[in-house]
Trainee: 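Mind looking over this structure? Questions follow.
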Amino acid sequence: MPLKGQEEDPLLLDRHGGFFMGDRPERSDMENEWNTRTTLVHGGTRRSQYNELSEAIYLTQSFVYDSAEQAEARFIESGPDEFIYARYGNPTVAMFEDRIAAIEGTEAAFATASGMAAVSGALTSMLRAGDHVVAARALFGSCLYILEDVLTRFGVEVTFVDGTDLDEWESAVRKGTKAVFFETIANPTLDVIDIAAVAEIAHSVGATVVVDNVFATPVFSRAVQQGADVVIYSATKHIDGQGRALGGVILGSREYIEKTVQPYMKHTGGSMSPFTAWIMLKGLETMDLRVRAQAASALAITDAVQGHAKLSRALFPGHPSHPQAELVTAQMGKGGTVIALDLAGGQAAAFRFLNALRIVLISNNLGDAKSIATHPATTTHQRLSEEQRTTLGITPGLVRFSVGIEDTDDLVADVMHALDAV
Ligand SMILES: Cc1ncc(COP(=O)(O)O)c(C=O)c1O
């Protein structure tokens, strides 16, 4: 039922996705035509009867029904914007889900408590004992744990391949392969996987293509257009981008999100909190500006360190020197916000470099406004065996450098000074 005043201007309500008394209007034609930066600011917005400017935080775990009959009906089937319990859904969380789905170009999204809740939820909800999965070997340590330790414990067979080698994908998939999984840009070696080519191989046997798109970022990503069926983000990274909260999101078709992911997530408890969703909505507003500035600085820093005597490699997917630069340009235009610097002097040199940085912080997040440097071999990828690290190219001298939004010249000066100190 519209509130007083609102019925006088239905267009205004449509345009802003007005939210009143559980009656969510369809997204207007205008909203569908918005460009990315407009959608990042306005997409999915619901307003209460108070017409607040900033999105409201509906800090409630439950919702009240007008009658016992209404409660019964809602448990049988809830319409859009009809809520039951925050583990199932919440208006602030729904705003975040609709906004990120509009950016990614998927029909639906489910927001999760962390990036890892998204990775485990996306896979576990669709798999059962006896299923076969093919995954790229170069994965973030926790992703590897899900595939190697958790899924196999429940009777899922997992085959690992070199994600950049299409012949390996071709020979690993078989009739009955249920899913393929890879990071579109691998953490921390920055290998880029050809989404369209792997999707074609996977789809030829009917497998679902699930990608962790964190390093590609929702700003530059074209994963769904290129054939991914399910896209996952750790919202902790570029979406928040300001080091405040853990979060994640699973994006895909309405059928997959509503029939497969939602029942699993709502009963196992990995949903995003309303307060986190509000932080992520605020993060999305500035994400495009931040990420483009970060990518530009990453390019400038990579340029500045090319051929430096203290480095055996300086890799940035957006730089022409990256071995897969052509694929990066075709697949996502830019190369994200993370650089890999390999110190020729091994771990001791990497530690000296890290300890000499004055602006860039030693930490293990990425995609943040603050520049952050990490030594993967002794931190994020410590649980891998030395042999696994060698296979993946995680050398003792490798430093992962997530470029922030500080002044580009200051960052270049900081890196050059730290290299001099090695
Ligand atoms: C590629 C990738 N996937 C998933 C995650 C997990 O995200 P979260 O820390 O939000 O659980 C990370 C975290 O670093 C990551 O780098």
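Ligands are counted one by one from 1 in listed order, and the atoms in each one are counted from 1 as well. All residue numbers refer to positions in the sequence shown, counting from 1. If you're wondering where the values come from, they're calculated on a predicted model, not measured in any experiment.
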Trainee: Starting from atom 13 (C) of ligand 1, which protein heavy atom do you reach first, and at what distance in Å?
Mentor: Lys237 NZ, 2.8 Å
Trainee: Nearest heavy atom to atom 1 (C) of ligand 1: which of Asp212, Leu139, Val119, Asn364 does it belong to?
Mentor: Asp212
Trainee: Under a 4.0 Å N-O cut-off, is there an ion pair linking Arg153 with Asp149?
Mentor: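 No salt bridge links Arg153 with Asp149.
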Trainee: Against heavy atoms of Gly247, which atoms of ligand 1 measure under 4.0 Å?
Mentor: 10 (O)
Trainee: Go through it in stages, so that I can follow the logic: the residues are Asn364 and Thr374, the test is side-chain hydrogen bond (donor to acceptor under 3.5 Å, both in side chains), and I'd like the CA-CA distance, side-chain angles, deciding distance and then a yes or no.
Mentor: CA-CA 5 Å; Asn364 40 269; Thr374 312; over 6 Å; no
Trainee: Under a 4.0 angstrom heavy-atom cut-off, which atoms of ligand 1 come close to Asn187?
Mentor: 16 (O)
Trainee: Between the side chain of Glu183 and the main-chain N/O of Phe140, is any donor-acceptor distance below 3.5 Å?
Mentor: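 Side chain of Glu183 to backbone of Phe140: a pair is present.
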Trainee: Are any of the N or O atoms of Gly115 closer than 3.5 Å to those of ligand 1?
Mentor: yes
Trainee: By number and element, which atoms of ligand 1 are closer than 4.0 Å to a non-hydrogen atom of Glu183?
Mentor: 1 (C)
Trainee: Where do Asp342 and Thr395 land on the side-chain hydrogen bond (donor to acceptor under 3.5 Å, both in side chains) test, with the steps shown first?
Mentor: CA-CA 8 Å; Asp342 206 348; Thr395 56; 2.9 Å; yes
Trainee: Parallel under 30°, tilted from 30 to 60°, perpendicular over 60°: which one fits the rings of Trp169 and Phe182?
Mentor: perpendicular
Trainee: Can you list the ligand 1 atoms lying under 4.0 Å from a non-hydrogen atom of Ser114?
Mentor: 10 (O), 11 (O)
Trainee: Who's the nearest protein heavy-atom neighbour of atom 11 (O) of ligand 1, and how far?
Mentor: Met116 N, 2.9 Å
Trainee: Excluding sequence neighbours, so at least two apart, what forms ring pair (Phe, Tyr, Trp, His ring centres under 6.0 Å) with His375?
Mentor: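 Counting only residues at least two positions away or on another chain, His375 forms a ring pair (Phe, Tyr, Trp, His ring centres under 6.0 Å) with Phe351.
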Trainee: Side-chain polar contacts of residues 155-162 - donor-acceptor pairs under 3.5 angstrom, sequence neighbours left out - could you list them?
Mentor:
unit_1 : atom_1 : unit_2 : atom_2 : d
Glu157 : OE1    : Arg174 : NH2    : 2.7
Thr159 : OG1    : His132 : NE2    : 2.7
Asp162 : OD1    : Thr164 : N      : 3.0
Asp162 : OD1    : Thr164 : OG1    : 2.7

Trainee: Give a yes/no on ligand 1: does Ala117 have at least one heavy atom closer than 4.0 angstrom to it?
Mentor: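 No.
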Trainee: In the protein, which heavy atom is nearest to atom 10 (O) of ligand 1, and how far is it?
Mentor: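 Answer, as residue, atom name and distance: Thr236 OG1, 2.5 Å.
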